[in-house]
Number of protein chains: 2
Amino acid sequence: MSGTTPQGSEMEIVHLLRAVTVELGLHSARFAQRHAMHPTDVRALIALMDAARAREEMTAGRLGAALGLNSAGTTALVDRLERAGHVRRVRGERDRRKVVIEVSEEAVELGQAFFGPLIDRTVGLLEGYDEREKAAIRGFLHGVRDAAAGQD
Amino acid sequence: MSGTTPQGSEMEIVHLLRAVTVELGLHSARFAQRHAMHPTDVRALIALMDAARAREEMTAGRLGAALGLNSAGTTALVDRLERAGHVRRVRGERDRRKVVIEVSEEAVELGQAFFGPLIDRTVGLLEGYDEREKAAIRGFLHGVRDAAAGQD
DNA sequence: GTCGAACATCTCGCTCAACGAGATAATAGG
DNA sequence: CCTATTATCTCGTTGAGCGAGATGTTCGAC
């Protein structure tokens, strides 16, 4: 932050954005460590809860693909989560080759207890802004997401 | 998941923020994979470049602490980075127990080539907003960072 | 109906990042 | 100098994730 940048205002926000991603990552890491899980396990639970909210069935294969794991790694991941009681394996009804992964109630509550307060505080922050300001925040985040996703 | 959402507008931004952190994480992962590095190696290089920009010497011990590695892991990390030519070990002049880690020019250029365009696009985005909107973005990011850092 | 190809998941053996414990080397204080 | 302290490295182990291949399931062709 020592003023060597020509446009300090913009770069300050860039660094702030990076700081936010770092802090959110550390927050997830704390959740992982507190519950004796690995970062991958947390990402898996988040993916599973997202799927549940979208009323989509998440199979072992889809989960592995979403996390960038191969079949062996996915099996080990689901083994770990199942052993810890965070998920259940359910053989697909329609297609019995599939293994549908269901998040346990206990894991959902764990996640809400840990991430809920952060979400509430963020929503609280947003309520302090008017529509034009919120539109700016929304537009900026949208743009950054697309810039990061589109880049090569 | 939908326990506290009477207002969709705020939750949309919360999800957008999470999407941004996911995309930025994937962007770093692409950088790591393309250069045959691990996520930890990328985090290490970023920490080293931050230190360099702040004109601070980064020693092996401080680097390990910043990344949450113990001494053995830190040694292995620096070994990897040195073998790949991304950093150099330099024995401390004043205190010869210390090992100062310096980032190679080549690694700096690698990082700029990959992250520079994204930063430029982000700055470009920001230039489209007026001061009040930028203040809102800055304030929001600031608040989220503190909320994530302060929690528990 | 039965056969074989395609598919979804699991098992086995391996590699390598990170850990714990302890060794080695250098500084500072009495 | 001799001891406590600090900084880094070495050794042996653990465990997540990979590649290859085994097992069980569906579906179309005949």
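Below, chain A is the first sequence line, B the second, and so on; all start at residue 1.
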**Q** Given C:dA18, D:dA16, D:dT25, which nucleotide is nearest the side-chain atoms of A:Arg80?
**A** D:dA16
**Q** Classify the nucleic acid contact of B:Ala72 as base, sugar-phosphate or nothing, counting any heavy atom under 4.0 Å across all strands shown.
**A** base
**Q** In whole Å, what is the span from the CD atom of B:Glu57 to the C1' atom of D:dA7?
**A** 14 Å
**Q** Where the side chain of B:Ser71 is defined as all heavy atoms beyond and including C-beta, which of D:dT8, D:dT25, C:dT27 is the nearest nucleotide?
**A** D:dT8
**Q** Hey, are the side chains of B:Asp41 and B:Leu77 touching, using non-hydrogen atoms and a 4.5 Å cut-off?
**A** yes
**Q** Can you tell me which nucleotide in D:dG17, C:dC19, C:dT27 comes closest to the side chain of B:Arg97?
**A** C:dT27
**Q** According to the interplanar angle, ranging from 0 to 90°, do the rings of A:Tyr129 and B:Phe140 count as parallel (below 30°), tilted (30 to 60°) or perpendicular (above 60°)?
**A** perpendicular
**Q** Salt bridge check: are B:Arg88 and B:Glu82 linked by an N-O gap of less than 4.0 Å?
**A** no
**Q** Taking the side chain of B:Thr75 as heavy atoms from C-beta outward, which of D:dC18, D:dC9, C:dT9 is closest to it?
**A** D:dC9
**Q** Just how far, in rounded Å, is P of C:dC10 from CG of A:Asp79?
**A** 7 Å
**Q** Nearest whole angstrom, please: distance from the P of D:dG15 to the CG of A:Leu77.
**A** 16 Å
**Q** Just the rounded figure in Å: distance from P of C:dT27 to CD of B:Glu93.
**A** 11 Å
**Q** Using a heavy-atom cut-off of 4.0 Å across all strands, would you classify B:Arg89 as base, sugar-phosphate, or nothing?
**A** sugar-phosphate
**Q** Can you tell me how far P of C:dC16 sits from CZ of B:Arg83, to the nearest Å?
**A** 10 Å
**Q** On DNA chain D, check which nucleotide each of A:Leu69 and A:Arg91 is closest to and give me the residue with the more 5' one.
**A** A:Leu69
**Q** Please classify the nucleic acid contact of A:Asp95 as base, sugar-phosphate, or nothing, using heavy-atom distances under 4.0 Å.
**A** sugar-phosphate
**Q** Can A:Glu57 and A:Arg62 be counted as an ion pair, charged N to O under 4.0 angstrom?
**A** no
**Q** Counting heavy atoms from C-beta on, name the nucleotide in C:dT9, D:dT25, C:dA17 closest to the side chain of A:Thr59.
**A** C:dT9
**Q** Is it the case that over 12 heavy atoms from other parts of the model lie below 6.0 angstrom from the CD atom of B:Glu106?
**A** yes
**Q** Measure CE/B:Met37 against P/C:dC16 and give the value in whole Å, please.
**A** 17 Å
**Q** Nearest to the side chain of A:Asn70 - D:dC18, C:dC19, C:dT9?
**A** D:dC18
**Q** Base, sugar-phosphate alone, or nothing: which one does A:Gly64 contact when heavy atoms must sit under 4.0 Å apart?
**A** nothing
**Q** Taking CG from B:Leu81 and P from D:dC9, how many angstroms apart are they, rounded to a whole number?
**A** 13 Å
**Q** In whole Å, I'd like the distance from the CZ atom of B:Arg62 to the P atom of D:dT6.
**A** 16 Å
**Q** If you assign A:Gly73 and B:Ala76 each to the DNA chain D nucleotide with the nearest heavy atom, which residue ends up on the more 5' nucleotide?
**A** B:Ala76
**Q** Of all the nucleotides listed (C:dT9, D:dA16, D:dT8), which has the minimum atom distance to the side chain of B:Ala60?
**A** D:dT8
**Q** Can you check ring pair (Phe, Tyr, Trp, His ring centres under 6.0 Å) on A:Phe31 and A:His35, steps first, answer last?
**A** CA-CA 6 Å; A:Phe31 175 74; A:His35 299 288; 4.8 Å; yes
**Q** With sugar-phosphate meaning primed atoms plus P, OP1 and OP2, does A:Thr74 contact a base, only sugar-phosphate, or nothing at under 4.0 Å between heavy atoms?
**A** nothing
